[in-house]
S.K.: 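Have a look at this one before I ask anything.
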Amino acid sequence: HTEGMKDKELAAFRNKTLGFVFQSFHLINSLNVMDNVELPLLYRHIASSERRKLAQEVLEKVGLSHRMRHFPTQLSGGQCQRVAIARAVVTECKLLLADEPTTALDEDTQKQILKLLAKIDIATIFITHDLSLVEDIADRVAIMKDGRIVETGSVRQVFDAPGHPYTKKLLGYLDYGKGRGHDHKHKQQRFDTPLVEVRNLKKSFSLDRHSIQNALEDFSLDIYKGEILGLIGPSGCGKSTLARCLMGIYPPTSGQIRFFNEKKSKNWKQMIFQDSDSAFNSRMTIRQIIGEPLRIAEKRTPDRQRIAELMEQVELDPALMDRRPYDVSGGQRQRAAIARAISVDPEFIIADEPISSLDISTQAQIVHLFRRLQEERNLTILLIAHDLPMVGHVSDRIVKMGE
């Protein structure tokens, strides 16, 4: 149907026919929420008053009408995802392509978004690694491996009688991801030596001259040396803000953060960000990305052998070191992020939603990797997530944040 179309004609066809929800939001940070959602309507030359009305309606459906004047940088990852979904559906397109549209959302918000998508009377291609979502919402399912479809059929056909070995493997992780899989059987220990004390922490952001948003208010927390502390909570509750306060990226508005670290190096704490896509410089190779903290700390470029050893420690093939971030999978990028974090031998790692964008089997591999590194290196790890089962599988303690 589109064969032979010129670029402008193809763009017009896509604009009228397709809606796209990207996995990594792709919002314009210089535009507020309302303007981001209105953008597709602007290209359709819809009048300003009508654009505003349509955008406001869809923002109400995704629960963000109170944030329409905010900018993407003032929102949580889950809230950005909701804006991206609102922008896609505001055009009332004929086919919605949703690429991992709920990865950054907590379970309750996932349900809200799925109800919204279910109300939209259009064909939807829902791309996800979450098989439980597929089971809940899809009519048909196609299982992909290594760039090709290995099995397809109705949801009940595929889930009740999988034929391909890869499908059987994936379905075997369903119980695991719901906390009913095998026990990791890590040693039960008593942790009582504090590494971090957070007391009455408050962090506010100025939205404009007249309004302030409190991302954290009167929050207290203890993190003990040698433990993996799982921090869970719904999107927008302040998890990432806390992580950035602990790293010194955000200065607290009030309250106190005290550290009792033994290593006096400025590299004693490291952070793994939620979106490795944005956290990596796409012009750098995996070798350069992993070696960057070492290059800064030691004022010299680490040799290939040292980078290879770090990659092997996180079970990442050293043959990938000359590739760029966009040439490897999400799971491989996350392993590279972990290798970069441990390269300077830190005492404390803050991992902000490190598994939310990964398929369930890779999630399991990554959380097991955190446990192994914690035991081998005597690390303290703050493992942040919006979902309990996989994080709870390896954590020594769980703290739940509320909205």
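Heavy-atom basis, side chains included; hydrogens, waters and symmetry copies ignored. FYI, the numbering just counts along the sequence from 1.
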S.K.: Salt bridge check, D396 against R371: does any charged N sit closer than 4.0 Å to a carboxylate O?
M.R.: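 Looking at D396 together with R371, the answer is yes, because their closest N to O distance falls below 4.0 Å.
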S.K.: May I ask you to test the K169-K145 pair for a side-chain heavy-atom distance under 4.5 Å?
M.R.: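 The answer is no, as the side chains (C-beta and beyond) never meet within the 4.5 Å cut-off.
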S.K.: Between R295 and Q288, is there a side-chain donor-acceptor contact under 3.5 Å, judged purely by atom types and distance?
M.R.: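 Side-chain D/A pair, Q288 to R295: absent.
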S.K.: Step by step, would you call R323 with D317 a salt bridge (charged side-chain N to carboxylate O under 4.0 Å, His left out)?
M.R.: CA-CA 11 Å; R323 292 195 187 182; D317 187 352; over 6 Å; no
S.K.: Counting only N and O atoms by type, is there a donor-acceptor contact under 3.5 Å from the side chain of S265 to the main-chain atoms of N267?
M.R.: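 Present.
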S.K.: Could you tell me whether the side chains of Q305 and E309 share a donor-acceptor contact shorter than 3.5 Å?
M.R.: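 Yes, E309 and Q305 have a side-chain donor paired with an acceptor closer than 3.5 Å.
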S.K.: Answer whether the closest heavy-atom distance between the side chains of L310 and I342 falls below 4.5 Å.
M.R.: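 Side-chain contact under 4.5 Å: yes.
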S.K.: Kindly give the heavy-atom pair with the smallest separation between P72 and N36, and that separation in Å.
M.R.: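 Distance-wise, the nearest heavy atoms are CG-ND2, 3.8 Å.
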S.K.: My understanding is that only residues two or more places apart in sequence, or in another chain, count here; which of them pass side chain to side chain contact (heavy atoms under 4.5 Å, CB included) with A86?
M.R.: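 A86: side chain to side chain contact (heavy atoms under 4.5 Å, CB included) contacts with V37, V58, L59, V62.
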S.K.: Is any side-chain heavy atom of F159 closer than 4.5 Å to a side-chain heavy atom of L131?
M.R.: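 When only atoms from C-beta onward are counted, L131 and F159 do touch, with a gap below 4.5 Å.
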S.K.: Using distance alone, with no hydrogens and no angle criterion, decide if N29 and T73 have a side-chain donor and acceptor under 3.5 Å apart.
M.R.: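 No, T73 and N29 have no side-chain donor paired with an acceptor closer than 3.5 Å.
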S.K.: Are the side chains of K269 and N261 in contact, using a 4.5 Å heavy-atom criterion?
M.R.: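 Side chain of N261 against side chain of K269, heavy atoms only: no contact under 4.5 Å found.
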S.K.: Mind listing the closest non-hydrogen atom pair of D35 and L31 along with its distance?
M.R.: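 In this case the closest contact between D35 and L31 is CB-CB, 3.9 Å.
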S.K.: Kindly say whether P162 contributes a backbone atom to a donor-acceptor pair with the side chain of E151 at under 3.5 angstrom?
M.R.: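 It does not hold such a pair.
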S.K.: Any Lys/Arg nitrogen of R156 or D139 sitting under 4.0 Å from an Asp/Glu carboxylate oxygen of the other?
M.R.: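 The answer is no: the pair does not qualify as a salt bridge.
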S.K.: Can you find a heavy atom in the side chain of I355 that is under 4.5 Å from one in the side chain of Q334?
M.R.: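 In short, these two side chains do not touch, never coming nearer than 4.5 Å.
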S.K.: Got a salt bridge between D222 and R199, using NZ or NE/NH1/NH2 to carboxylate O under 4.0 Å?
M.R.: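 Result for this pair is yes, salt bridge flagged.
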S.K.: Are any of the side-chain heavy atoms of R67 and Q213 separated by less than 4.5 Å?
M.R.: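 R67 reaches Q213 side chain to side chain.
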S.K.: Would you give me the side-chain donor-acceptor pairs under 3.5 Å for residues 246-253, sequence neighbours excluded?
M.R.:
from	atom 1	to	atom 2	distance (Å)
T253	OG1	S204	N	2.8

S.K.: Which atom names give the shortest non-hydrogen contact between I338 and I272, and what distance separates them?
M.R.: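 Closest approach of I338 to I272: CG1-CD1, 3.7 Å.
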